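In what follows, chains carry the letters A, B, and so on, assigned in the order in which the sequence lines appear, proteins first and then strands, with residues in each chain numbered from 1. Note that the coordinates shown come from a computational prediction; the quantities given were computed from them, not determined experimentally.
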Amino acid sequence: MNSGFAHAAIISTLYTTLIFLIAWYAHRRKETGRSIVDNPYVYSLSIAVYCTSWTFYGSVGKAATTGLDFLMIYLGPSLTAFSWFFLLRRIVRISKENNITSIADFISLRYGKSLWLGALVTLISILGIMPYIALQIRAVSTSFYLISGFQANRIHIPHSGSELTVPTGLLLALILSVFSIIFGARRLVSSERHEGLIAAVAFESLVKLVSLLGVGIFVTYYLYDGFSDIFTRFHAARPKLFEQLFTFGAAGNDPDYVPSFTMLSMSMAAIMLLPRQFHVMVIENSDEGHITKAMWLFPAYLFLINLFVMPIALGGIMATGSSSGADFFVISLPLLSGHGTIALLAFLGGFSAAAGMVMVESVAISTMLLNYIFMPVIVRFTPQSWFPYLLINLKRLGIFLVIFLGYFYYRIVGDTYMLVNMGLISFSAACQFLPAMLGGLYWKRGNKSGAITGILFGFLTWTYTLLLPSFSKSGWLEPDLLTKGPFGIGLLKPTELFGLSNMDLWSHSLFWSMLFNVSAYIVCSILLRQDEPEREQIRRFIGTFDLERADHPAETKRLSKPVTISQFVNLMAKFIGEADARQAITSHLGDREIGSDGSVSEFELPNLKRFAEKTLAGSVGAAAAGAIVDSFLSDMGSRMESVYDIFSSVRTSLDQSREALYVRLKASEIINRTLDIQIIMDDLLSLLLKEFKLDVAIIQLLNVSGALAVKSYQGSNRRPINQHHWFMENAPYWDMALFDRKPHFVNDTSQIGATINLEQTLAEGIVSCAYLPIFREGEPSLGVLAVFSKSITGIFTEEFISLLCSLAGQLAQAATIVREMEAKEHERNEKEQALLEKARVMRDMEIAQQIQISLLPDAAPETFGMDMAGRCISAAHVGGDYYDFFKRDDHTVDLLIADVSGHSVGAALIMAEVRTLLRAQVNSANSASAILQLLNSQLYDDLTRAELFITMFYAKYNSATGRLSFANAGHNRPIISRDGEHSCIELDTEGLILGVKTSVMFEERSFELKAGDVLLFYTDGLTEARNDRDELFGNERVCALLGTLRHMPAREIIESIYTAVKDFTASETFQDDISLVVLKIL
Amino acid sequence: MTNRLRHKLLRRLQLRESWVIFFVVGFIMMNFPFLQIFNKPGAIFGYPLMFLYFYLGWAFSIVVIYVFTLAVSHTADKSPENPKP
């Protein structure tokens, strides 16, 4: 047993344990939310996974054989770092938004989630990375042999006679696989960051840097005396080689810059496109801000790790005398100088470099493998509850597969290539993604067919010109293929394709593969069209890319049949597990509006679908996620349909399209043009029918009784609306819209359930319909706008509905204004009418007044021995007061005064009737009481009907006898003022008012009048006149007044009384009619 | 004065165009005509010419990127990417 072997084995085991612990610790820290990985330094170190054992061992090897051009591999990424500011940040942003899990995912997503493209990228990655992993296994194995003291590449352990061979490579592959699985495939969600893995990788990056710097310093400053010492001594020892190593193509005579250019370009592309680089830079990025720092940290890392490569190479050549075995100078140089510890440090550095790369690479590629090779098969089966276990184990299997493919390549190709040259084969493969990637990010026309064809052509060329020759050189294939070409056709020689000779293997391959790749990509992209899913992605990848993008971009798709949330959750649970699915949906829905039955609004559904896709994409890749959700939907009988573009032009964003603005403008023109609501409604509906693919549009408004009535009907098949019209079936919808003031619409009438029967509507050919309440904010609905389409299902997009709602709102505004104006107009008319009416009545009343006045005697009859006068002043136009004189003969005069209750026209009419009746009695010789009795019986019916009464005082005076006989029907008692007497005499007699009883007996009395007596008949208006102190005029005042006036002529007495009353009430008008009759005995 | 100059410089460096220009310049420097200049045998202070060119140039470019990143964090008031036309 070799002690070096045991030593190396123990150290390796310990080191592996250490890395394991670090990874485990980082994972624990992440679980508790205190990540140690979440900083730009760890991020930069993890990007340094770029430096594999190729860098660690191979750079020195390359430097010792071809010289300085090894640097190109590191200058390239350093240059690319300049572009990260716009390129990487953009890629990271897109990836985070879409839960991208790998570079295959990224490219496939850009080209419409193409499964084929993803599979192709995966295939290239697996095959392309094979030599790279082989390189690592070979480097670690060889270094292990070196460190453990075996010169041959076999470890022979004498064991009971036979030799035991330890297959270090196989062992290494196994260890790395297990390690990758533990940290890379613990969980299925690949878009999640693997902090343990990254911590391990970052630590390894640190170890390899320290280790290489250590060896470098050891060589430069311990074995030699600094840089210039090495250079000078080497120059002195091997001037020819010195010149060769430090110039390109032996300067002077036709230097060849092509290899260096090729390496520069390839490394520039590889830093972004190698699956593991994409993984650590994009998928494992926790913060965009880290990129900025990594932009100079990473180049600085590369600078440092390469600083001592040249001295080590030169020292190695001087120590060993040749550049053979230069690949392992890093270990052999310390060993040769007897410094085993330094060599062991170098071994650990090399091991770290290899392990980090293999782990990340295998995890990255196994994710692609799962998503694009396994998933397309799996999605064909019905999802089962054990799918999550299957998927995670498939991913683990993928890791094994990737690493062991590398192992087998190593076994086949073995040691025929230098380390760097093996790595370059992989770089060349990764370059095939470049056109599709860059084109995808910056060229709108780049399409799926272009990408697939380009990558496929590039890949085939790569296989033919690079991969095949590598097999062939190792003797695994017929060497004839290389020297003579297939079937002896020289032009098709893989290394000199189409006669392109004198070019190094990689430049030759890169030239041809990129030529075919780029041209195929461009030609196909220009010639062929993009399909719809692609165009959708282009909007996300290219175009105005800013952070403040709306959370829910306008959907151009709708689900033909609604799907509930729980159905989506069940679907997701079958792939990522119940718990994860629930957690995802909870965080997604947040505070969004959800129906009680777990349904979401139609406009929310596409978002939900996209969310489900995105969540699944995090585990199974974008393309497979798309396929899963699509097949799930089609099982449900639902599918994504293109939303009909109502404006027949491409909508680019949430912004209002020009056409929508045009319609709004037109609508407001229509509304402002006229105040005729009918014209507004008709024109508005015509506009809707003309601008959109609608077939019928109806406006219903509430009428006075609160029922909806069709006010305007535009569109095809016009016929009168009656109970049998198909429109009537839609009543539940318009009632709903009217009631809850929300738009209701059916985007596909054939999908409507049995709850609402729309048979006739369906028969009419209506495929989609919408009902929009016409209302102003905060007010009840005025009516409903209903629109129908016969040609387009799904016409009612969120945008369209909101446009229609806004039009309905404008209509409501207009209708309200018109209604208010109409109401005002009506009120004004009514007022005018009333005024007219009043004026007419006034005129009539005036006429009536004239007539009534003419009914009263204009002058008292001239009778000897007496002076009589009478006057009536009405409070209103017409009144119920009446007085009259009838001269029977030369000596006899009848006087009467009456008051019909009220001042109405009725009273006036009754008064006229009384007059007529009395006139008929003039010539009868009836007594006063008899006349009253007669009047009562004749007027009773009329008075009862009119609900009026009459008070009347009737007197007969015979001047010859001086006797006044009288009867009273409830009237104010007339007063007599007699000369020499202070008080007045009241003519008192019993009698009921007229119109109370049918037959009344009136008491008749008589009174002897003397010369000088003044008799005053009056109505109650006189005594009941009030002043502003609420005092009545009263009998006393009348009596006293009469006493003072008694010497005047009758007419003047009357006038004076009126004047006195006016003075008393301090008013020009009377509250009641006042009639006065004065009889003065001469 | 120097402060204003520094501010102005950093503002320029925020532009995406500046990044692209440096990227392109770097690419050119690593290619034929420039390499030809330094592709000569000979040494300065014992250091080969080409070696010096690469390493010093590289170090310089790292410093340039470092200055760039300073510019990015210099003023956050304006979005550095996508300068609006």
Side-chain angles (χ1 to χ4, degrees), chain A residues 67-69 71-72 74-76 78-87 89-90 226-233 235 239 242-252 255 257-258 260-261 264-265 268 289 291-300 302-303 306-307 310 544-548, chain B residues 13-74 76 79-85:
Chain A
L68 264 180
D69 63 353
L71 263 186
M72 290 300 175
Y74 307 97
L75 287 170
S78 218
L79 263 181
T80 309
F82 274 101
S83 76
W84 287 358
F85 185 66
F86 48 92
L87 190 64
R89 288 198 337 163
R90 183 169 179 154
F227 279 93
S228 47
D229 182 45
I230 294 187
F231 292 142
T232 323
R233 282 164 71 175
H235 187 53
F242 183 86
E243 190 177 305
Q244 205 183 320
L245 291 184
F246 285 103
T247 53
F248 281 6
Y257 296 105
V258 174
S260 67
F261 173 78
L264 185 72
S265 316
M268 282 172 73
I291 295 175
T292 329
K293 221 163 200 146
M295 275 184 333
W296 66 273
L297 277 175
F298 176 62
L302 290 181
F303 181 82
N306 280 294
L307 196 56
M310 216 60 209
T544 49
F545 194 85
D546 51 291
L547 277 172
E548 295 88 53
Chain B
L13 289 180
Q14 282 179 347
L15 298 180
R16 189 158 82 169
E17 283 77 353
S18 313
W19 292 88
V20 176
I21 288 168
F22 274 90
F23 177 68
V24 171
V25 165
F27 190 73
I28 294 171
M29 302 278 281
M30 292 295 130
N31 275 298
F32 161 62
F34 275 95
L35 291 188
Q36 179 77 13
I37 298 174
F38 298 95
N39 197 8
K40 292 180 181 108
I44 300 170
F45 307 122
Y47 291 86
L49 193 61
M50 188 73 118
F51 180 86
L52 277 184
Y53 173 63
F54 276 137
Y55 276 92
L56 291 182
W58 196 359
F60 177 72
S61 83
I62 292 170
V63 172
V64 167
I65 301 186
Y66 177 67
V67 174
F68 262 121
T69 55
L70 282 189
V72 170
S73 48
H74 174 56
S79 167
E81 206 190 346
N82 281 333
K84 294 272 181 270

Checklist entry - Would you say the side chain of B/F51 lies within less than 4.5 Å of the side chain of A/L68, judging by non-hydrogen atoms? => result yes
Next on the checklist: Testing the basics here: between B/P48 and A/F231, what is the closest heavy-atom pair and its distance to 0.1 Å?
Outcome noted: CD-CD1, 3.6 Å
Checklist outcome for this item: Scanning both residues in full, the closest heavy-atom pair of A/T292 with B/T69 reads O-CG2, 2.9 Å
Item to check | Residue part contacting chain B, namely of A/F298, when any heavy atom lies under 4.5 Å | outcome: neither
Checklist entry - How long is the span from the CG atom in A/L75 to the CE atom in B/M29, to the nearest 0.5 Å? => result 11.0 Å
Checklist entry - What option among B/G57, B/S61, B/G26 has the most heavy-atom pairs under 4.5 Å with chain A? => result B/G26
Item to check | Audit row: A/K293, B/Y66, side chain to side chain contact (heavy atoms under 4.5 Å, CB included) steps and yes/no | outcome: CA-CA 8 Å; A/K293 221 163 200 146; B/Y66 177 67; over 6 Å; no
Next on the checklist: Heavy-atom cut-off 4.5 Å, strictly under: side chain, backbone, both or neither for A/N306 against chain B?
Outcome noted: both
Item to check | Engaged part of A/L79 at the chain B interface, taking heavy atoms whose separation is under 4.5 Å | outcome: both
Next on the checklist: Quick check on A/L302 against chain B: is it the side chain, the backbone, both or neither that has a heavy atom closer than 4.5 Å?
Outcome noted: both
Checklist entry - side chain to side chain contact (heavy atoms under 4.5 Å, CB included) between B/I62 and A/F303: does it pass, once the steps are laid out? => result CA-CA 9 Å; B/I62 292 170; A/F303 181 82; 3.7 Å; yes
Next on the checklist: With a 4.5 angstrom heavy-atom cut-off, is it the side chain or the backbone of A/L297 that approaches chain B, or both, or neither?
Outcome noted: neither
Checklist entry - About how many Å separate OG of A/S265 and CG of B/N31, when rounded to the nearest 0.5 Å? => result 6.5 Å
Next on the checklist: As an exercise: rank B/Y47, B/F38, B/Y55, B/F23 by heavy-atom pairs under 4.5 Å with chain A and give me the winner.
Outcome noted: B/Y55
Checklist entry - Among B/V63, B/I65, B/L35, who wins on heavy-atom pairs under 4.5 Å with chain A? => result B/I65
Checklist entry - Under a 4.5 Å heavy-atom cutoff, which of A/F227, A/Y74, A/F246 has the most pairs with chain B? => result A/F246
Next on the checklist: Determine whether B/V64 and A/W296 satisfy the following criterion, side chain to side chain contact (heavy atoms under 4.5 Å, CB included), listing intermediate values before the conclusion.
Outcome noted: CA-CA 9 Å; B/V64 167; A/W296 66 273; over 6 Å; no
Checklist entry - Roughly how far apart are B/M30 CE and A/M268 CE, rounded to 0.5 Å? => result 10.5 Å
Next on the checklist: Set out, in order, the CA-CA distance, both residues' side-chain angles and the distance that settles side chain to side chain contact (heavy atoms under 4.5 Å, CB included) for A/L264 and B/F27, then state yes or no.
Outcome noted: CA-CA 9 Å; A/L264 185 72; B/F27 190 73; 3.9 Å; yes
